Engineer: 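Handing you this structure, nothing more for now.
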Amino acid sequence: MSRQIKLTDELLAYLHKVSLREAEPLRRLREETAKLPAAGMQISPDQGQFMALLVRLIGARRCLEIGTFTGYSALAVALALPAEGRVVCCDVSEEYTAIARRAWASAGIAAKIELHIAPARTTLNKLRAAGQRGSFDFAFIDADKESYDDYYEASLELVRQGGLIAIDNVLWNGAVADEKQQDADTNALRALNRKLHDDQRVDISMLPIGDGLTLARIR
């Protein structure tokens with residue numbers, strides 16, 4: 001097996017220095033979020049930039065986000081979309097998404113984002129019932145891990161053929177490879193990883209970016 005470089009703090013700092021193009025609204029939001037007790041829930045800036053590149057590459061117009069937190073990933077994606085582009089966000093926290101709303105407004109892209117405060121299953125069911133199957137180009141899943149499989153199946157319905165689903169935290173800080181870890185979240189992620197490996201409805205690639213990101217292109 002070919003070796004993969006170990007990403008040390010020094011090398012990550014170099015990567016950010018020569019690669020990261022973080023817009024000022026994103027930097028401000030990241031620094032504000034870093035002060036929160038739950039700051040570890042936010043994606044890394046290099047992952048945000050990568051996702052922005054992905055939506056540009058596929059020419060996305062409509063994006064779906066399941067799990068928004070303080071809005072960094074939605075902001076990164078919205079900034080990459082054309083003026084008519086839209087992001088539909090699902091979250092249950094008024095507290096964290098209040099930070100997101102302020103950041104989106106400050107960045108001038110609030111009109112691009114439609115936030116639903118409700119259990120994600122409820123919002124996803126409403127989207128399907130409203131005839132929005134196949135209407136999204138890109139979906140990002142980053143919410144409660146035990147529900148990931150449900151969110152994945154819903155995304156398969158809502159994202160168009162040739163569209164992309166990005167699933168966060170699939171390496172779970174290495175726990176998925178440690179059989180001593182048998183908690184519900186880790187087991188749910190392991191089960192989904194195994195399922196994705198064999199799922200012929202999609203083309204996949206699992207990447208060691210952030211806490212692990214799987215990309216699934218709908219065939």
Side-chain angles (χ1 to χ4, degrees), residues 6-55 63-81 87-120 123 138-148 151 166-176 181 183-186 189 207-213:
K6 181 179 180 181
L7 194 59
T8 63
D9 289 343
E10 292 78 14
L11 191 54
L12 181 60
Y14 175 79
L15 183 154
H16 286 174
K17 180 180 179 180
V18 302
S19 173
L20 188 62
R21 300 176 178 177
E22 188 178 34
E24 183 62 20
L26 286 166
R27 184 193 63 77
R28 289 197 303 267
L29 177 56
R30 178 169 55 83
E31 292 180 352
E32 179 179 359
T33 302
K35 300 173 184 176
L36 300 174
M41 292 170 58
Q42 183 171 262
I43 66 169
S44 62
D46 48 305
Q47 181 174 332
Q49 180 168 296
F50 179 59
M51 288 167 53
L53 177 62
L54 290 175
V55 300
C63 299
L64 175 65
E65 178 172 272
I66 305 168
T68 295
F69 189 39
T70 60
Y72 188 93
S73 50
L75 178 56
V77 168
L79 287 170
L81 292 176
V87 185
V88 175
C89 293
C90 310
D91 207 282
V92 294
S93 173
E94 291 277 9
E95 177 186 2
Y96 290 136
T97 57
I99 298 171
R101 289 182 191 274
R102 291 196 300 270
W104 299 338
S106 177
I109 51 84
K112 288 184 175 183
I113 300 178
E114 177 185 319
L115 175 63
H116 295 258
I117 300 295
T123 302
F138 178 82
F140 179 48
I141 301 173
D142 185 17
D144 56 300
K145 311 313 169 193
E146 290 186 70
S147 300
Y148 260 33
Y151 300 153
I167 307 169
D168 201 29
N169 302 119
V170 292
L171 294 179
W172 206 224
N173 199 33
V176 290
Q181 301 294 328
D183 59 279
D185 285 345
T186 302
L189 288 165
L207 305 172
I209 185 172
D211 193 26
L213 184 71

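This is a predicted model, so every value here is computed, not measured.
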Engineer: Where do W172 and K145 land on the side-chain contact (heavy atoms from CB on, under 4.5 Å) test, with the steps shown first?
Structural biologist: CA-CA 10 Å; W172 206 224; K145 311 313 169 193; 3.6 Å; yes
Engineer: Of all the heavy-atom pairs spanning Y151 and A120, show the shortest one and how long it is.
Structural biologist: CE2-CB, 3.6 Å
Engineer: Could you pull out the closest heavy-atom pair between L64 and C90, with the gap in Å?
Structural biologist: CD1-SG, 4.3 Å
Engineer: Are Y96 and D91 packed together at the side-chain level, in the sense that at least one heavy-atom pair is separated by less than 4.5 angstrom?
Structural biologist: no
Engineer: Locate the shortest heavy-atom distance separating Q47 from G210; write the atom from each residue and the value.
Structural biologist: OE1-CA, 3.9 Å
Engineer: Could you give me the CA-CA distance, side-chain angles and deciding distance for Y14 and K17, then say whether side chain to side chain donor-acceptor pair (under 3.5 Å) is met?
Structural biologist: CA-CA 5 Å; Y14 175 79; K17 180 180 179 180; over 6 Å; no
Engineer: Would you please test I113 and C89 for side-chain contact (heavy atoms from CB on, under 4.5 Å) and show each step?
Structural biologist: CA-CA 7 Å; I113 300 178; C89 293; 3.7 Å; yes
Engineer: With sequence neighbours excluded, tell me which residues meet side chain to side chain contact (heavy atoms under 4.5 Å, CB included) with A39.
Structural biologist: none
Engineer: How many angstroms lie between CG in D46 and CG in L20, if you round to the nearest 0.5 Å?
Structural biologist: 7.0 Å
Engineer: Taking the side chain as C-beta and beyond, is there a heavy-atom pair between D142 and Y148 under 4.5 Å?
Structural biologist: yes
Engineer: Can you name the closest pair of heavy atoms from E65 and A74 and give their distance?
Structural biologist: OE1-N, 3.2 Å
Engineer: Answer yes or no: is there a side-chain heavy-atom contact under 4.5 Å between Q49 and E22?
Structural biologist: no
Engineer: As an exercise, state the distance from CD1 of I66 to OG of S147, rounded to the nearest 0.5 Å.
Structural biologist: 10.0 Å
Engineer: Under the side-chain contact (heavy atoms from CB on, under 4.5 Å) rule, what do V87 and K112 come out as? Steps first, then yes or no, please.
Structural biologist: CA-CA 6 Å; V87 185; K112 288 184 175 183; 5.6 Å; no
Engineer: Which heavy-atom pair separates E32 from R102 by the least distance, and what is that distance?
Structural biologist: OE2-NH2, 3.4 Å
Engineer: Mind checking the CE-OG spacing from M51 to S73? Nearest 0.5 Å is all I need.
Structural biologist: 5.0 Å
Engineer: Once you round to the nearest 0.5 Å, how far does CG of L36 lie from CZ of F69?
Structural biologist: 5.5 Å
Engineer: Count the heavy atoms belonging to other residues, nucleotides or ligands that lie under 6.0 Å from CG of N173, then report whether that count exceeds 12.
Structural biologist: no
Engineer: With rounding to the nearest 0.5 Å, note down the distance linking CZ in F140 to CG in L213.
Structural biologist: 6.5 Å
Engineer: May I have the step-by-step check of side chain to side chain donor-acceptor pair (under 3.5 Å) for Q42 and T33, ending in yes or no?
Structural biologist: CA-CA 8 Å; Q42 183 171 262; T33 302; 3.1 Å; yes
Engineer: Starting at CG of L11, measure out to NE2 of H16 and round the result to the nearest 0.5 Å.
Structural biologist: 10.0 Å
Engineer: Below 4.5 Å, heavy atoms only, C-beta onward: do Y72 and P45 meet side chain to side chain?
Structural biologist: yes
Engineer: Can you see which heavy atom on L29 is nearest to which on L75, and at what distance?
Structural biologist: CD2-CD2, 4.1 Å
